[in-house]
Amino acid sequence: MIQISLKHLLNKKEVSGLLDELLAAMKININIYGIDGISLTGNEDIEPGEKYSVELGKEVIGWVWGPAPQAKTVAQFLSYLANKELEKKVLAEETLEKYKEINVFYEIGEKLAGNLNKYEIAILTLNEARRLIPGEDYFILFYNEDDKRFENISLGGSNTEEPFGPKKEIAENVLHNGKAELINDLGADHRFSGKSLNIVSMICAPLKTKNQNIGVIGISSTAKLNYTAQDLKILNALSFYVATTIQTAKLYDDLKETFVTTIYTLAETIEKRDPYTGGHTRRVMAYSVAIAQVLQLPQDAIERVRMAAILHDIGKIGVSDSILLKSGELTEEEFQEIKMHPIYGEEILKHIKQLHDIIPGVKFHHERYDGLGYPENLAGKEIDLTARIVAVADSFDAMTTNRSYKDALPLELALDELRINAGTQFDPLIVNAFLHGCETGIVKLWR
Ligand SMILES: [Fe+2]
């Protein structure tokens with residue numbers, strides 16, 4: 001059960017700011033009490049007036065005491081904010097639940113499909129066919145709906161060539177009718193009489209998934225062979241294997257995409273906990289990818305940078321609101337708790353094999369080039385390159401946006417800060433890349 005206390009609500013800078021403005025406009029003094037009866041505004045010596053409850057749903061979470069009717073308006077205003085806050089928290093919880101659920105499916109999918117892609121599945125199957133059925137050209141033709149062409153994967157025949165002649169004609173029939181064909185002498189088949197033939201015997205079966213035929217599997221030969229019903233039965237079994245495995249692999253790919261989307265939503269939900277950081281994830285991602293482009297990293301490394309930037313603060317889901325959103329100065333103990341978020345991030349990501357290689361980028365984004373960062377006091381090139389990139393992008397965005405505890409720096413001053421701290425806080429190579437990106441327009445600055 002998610003709880004919101006009135007004390008927590010009033011501690012939020014944007015709430016206390018709005019309340020001060022409201023009271024100034026009403027020209028009144030009030031006192032606010034928590035559910036435990038302790039004053040939260042410290043104005044206990046003011047004139048008592050009427051007492052109005054602050055309600056979260058049907059539950060009373062505190063009181064506003066002051067002159068009517070203004071105190072009633074204040075109580076209603078605080079009730080409204082408390083309910084909004086609850087909505088936000090419920091959203092965060094729900095996303096976390098969704099994440100857990102998808103993670104389970106994801107792991108199952110991974111076990112079922114392994115890391116096979118459709119080409120590996122095709123080659124495995126064709127090798128099996130070659131062991132079991134006589135022939136020369138063992139092939140799978142995947143049909144592409146978009147360009148209406150076959151993609152030919154072949155053992156024994158040409159791998160790159162588009163199918164043509166009788167091979168293509170039979171494959172099209174099998175694909176569209178969904179029925180296997182066994183032809184031991186193409187010359188005796190009326191469809192091919194009078195045509196010059198480059199093959200004599202062929203068997204072919206459709207690859208059927210639940211919703212459609214995705215291609216065919218077949219064997220052909222330039223010599224006359226006597227394929228039997230038993231051969232066709234084996235070919236049908238192999239085709240069933242290919243189709244279902246590919247379908248599972250596709251499901252797994254979809255799941256992976258859903259998973260990444262959920263992770264992104266999760267990152268955004270964490271952002272929504274603090275209205276001051278709206279858009280932070282998106283900007284850190286854009287800056288980080290631009291730096292990686294200036295550094296001319298290979299495409300797969302750029303993708304790792306992108307994912308690490310999206311997820312760099314995912315571990316903040318494990319830090320309590322009262323600390324994360326506190327507007328005043330943090331105690332040493334609270335700061336230690338905040339410093340745990342890169343480690344919490346690692347905890348979350350290590351359950352997802354496909355995201356293992358971005359863990360260093362997430363775990364070490366608060367390390368400093370001079371070794372004075374956290375969590376492991378790594379220095380210089382010991383720090384993962386992705387983490388060094390995200391560190392610059394993250395800090396620059398933090399400097400140039402308003403936060404609950406400080407106003408934004410002008411862009412020029414923030415760029416100066418990067419220059420000044422190159423070699424201490426930041427890797428000079430990354431700072432130079434960022435500055436170069438700003439000059440050349442590869443880095444697009446917000447504001
Ligand atoms: Fe962080």
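Indexing begins at 1, ligand by ligand and atom by atom, following the structure's order.
At a threshold of 4.0 Å, the pair K350-E347 counts as salt-bridged, since one of the basic side-chain nitrogens sits closer than that to a carboxylate oxygen.
Checked against the 6.0 Å centroid criterion, the rings of H341 and H365 qualify as a close aromatic pair.
Residue pairs satisfying the salt bridge (Lys or Arg N to Asp or Glu O under 4.0 Å) criterion with at least one member in residues 20-30, sequence neighbours excluded, are absent.
Judged by the 6.0 Å distance and 45° axis criteria, K118 is positioned over the aromatic ring of F142.
The salt bridge (charged side-chain N to carboxylate O under 4.0 Å, His left out) test applied to E50 returns no partner, not counting sequence neighbours. In this structure, E417 has no salt bridge (charged side-chain N to carboxylate O under 4.0 Å, His left out) partners at least two apart in sequence or on a different chain.
For the Fe ion (ligand 1), the tally of protein N/O/S atoms lying closer than 2.8 Å stands at 4.
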